[in-house]
Amino acid sequence: MTYWLCILTPENYEIVRKELIWGVEDRHRNKIQQVKKGDKLVMYVIGEKKIKGIYEATGEAYREEKQIFKGGLYPNRVKLKKVKEGDVDIEKIREKLELFKGLGPRWALKLRGKAMIQITEKDHKTIETFL
């Protein structure tokens with residue numbers, strides 16, 4: 001099983017919650033194609049700087065041209081099921097995460113330009129504990 005941190009806007013998180021679908025632009029296609037059934041996807045909402053939920057992939061990535069997301073088509077998608085929802089301020093837990101170790105106040109640069117990034121099982125468990 002692989003664990004992913006998915007970066008999205010507040011509007012698109014609401015769509016993920018409603019539709020149970022995660023999508024990315026074509027430039028991130030190779031990354032989402034690595035997602036396998038059973039992988040865990042942690043939703044990090046930019047702007048709010050909050051982790052809002054953990055979802056599980058229910059299948060492999062696929063392509064869909066139907067517009068459902070705000071700000072782009074995001075045609076490379078994976079279907080999800082909800083595991084856990086919450087509202088955790090990333091600033092309260094980021095120093096506990098290996099992903100941001102040693103980055104200090106520049107931690108957000110690690111996410112710049114990315115739609116999703118692989119995280120460790122340890123980081124996933126830490127996030128899940130606080131969620």
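We're numbering straight along the sequence, starting at 1.
- Annotation: cation-pi pair K50/Y13 absent, no NZ/CZ under 6.0 Å from the ring centroid and within 45° of its normal.
- In this structure, the separation between OH on Y74 and CH2 on W22 is 8.5 Å, given to the nearest 0.5 Å.
- Annotation: side chain of W4 is in contact with side chain of D39 (closest heavy-atom distance under 4.5 Å).
- Between E128 and K84 there is no salt bridge, since no side-chain N of the basic residue sits under 4.0 Å from a carboxylate O of the acidic one.
- Taking both residues in full, the closest heavy atoms of V16 and I21 are given as CG2-O, 3.3 Å, listed atom of the first, atom of the second, then distance.
- Looking at L111 and L5, their side chains come closer than 4.5 Å, going by heavy atoms from C-beta outward.
- Electrostatic pairing of E14 and K18 does not count as a salt bridge here, judged by no charged N lying under 4.0 Å from a carboxylate O.
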Begin from the C-alpha positions of Y44 and L8 and carry the test side-chain contact (heavy atoms from CB on, under 4.5 Å) through to its verdict. CA-CA 6 Å; Y44 170 69; L8 68 168; 5.7 Å; no
Do E60 and K37 pass the salt bridge (charged side-chain N to carboxylate O under 4.0 Å, His left out) test, and can you show the C-alpha distance, the side-chain angles, and the key distance before you say yes or no? CA-CA 6 Å; E60 307 292 314; K37 182 178 181 178; over 6 Å; no
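- N76 approaches I32 most closely through the heavy-atom pair O-CD1, 3.3 Å.
- A heavy-atom distance below 4.5 Å is not found between the side chains of Q33 and Y62.
- Side chains of R77 and F69 form a contact here, defined as non-hydrogen atoms less than 4.5 Å apart.
- Taken from CD1 in I51 to CD1 in I127, the straight-line distance is 4.0 Å, to the nearest 0.5 Å.
- Across all their heavy atoms, V24 and M116 have their closest contact at CG1-SD, 4.3 Å.
- Enclosure of atom CD in E95 is not indicated, since only 12 or fewer non-hydrogen atoms of other residues, nucleotides or ligands lie within 6.0 angstrom.
- With values rounded to the nearest 0.5 angstrom, K82 atom NZ is found 6.5 Å from Y55 atom OH.
- Looking only at side-chain heavy atoms (C-beta outward), Y3 and E121 come within less than 4.5 Å of each other.
- Proximity of a side-chain donor or acceptor of T58 to a complementary backbone N or O of K79 within less than 3.5 Å is detected.
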Hey, mind stepping through D123 and K101 against salt bridge (charged side-chain N to carboxylate O under 4.0 Å, His left out) and telling me if it holds? CA-CA 11 Å; D123 279 358; K101 190 164 274 204; over 6 Å; no
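- With a 6.0 Å radius and a threshold of 12 heavy atoms from other residues, nucleotides or ligands, K49 has its NZ atom at or below the threshold.
- Interatomic distance, D89 CG to F130 CZ, rounded to the nearest 0.5 Å: 11.5 Å.
- Taking every heavy atom of both residues into account, I54 and H124 meet most closely at CG2-NE2, 3.7 Å.
- Salt bridge absent: K52 and E85 never bring a charged side-chain N and a carboxylate O closer than 4.0 Å.
- Between the CG atom of L73 and the CD1 atom of I68 there is a distance of 9.0 Å, given to the nearest 0.5 Å.
- Atom CZ in R94 sits 7.0 Å away from atom CH2 in W107 (nearest 0.5 Å).
- Nearest heavy atom pair, residue L41 against residue C6, reads CD2-SG, 3.6 Å.
- Screening residues 105-117 for salt bridge (charged side-chain N to carboxylate O under 4.0 Å, His left out) gives no qualifying pairs among residues at least two apart or on separate chains.
- Checked for salt-bridge contact, K66 and E64 miss the test: no charged N lies under 4.0 Å from a carboxylate O.
- The two residues A57 and V35 have their closest heavy-atom pair at CB-CG1, 3.7 Å.
- Side-chain contact between K31 and Q34 is present, with at least one heavy-atom pair separated by less than 4.5 Å.
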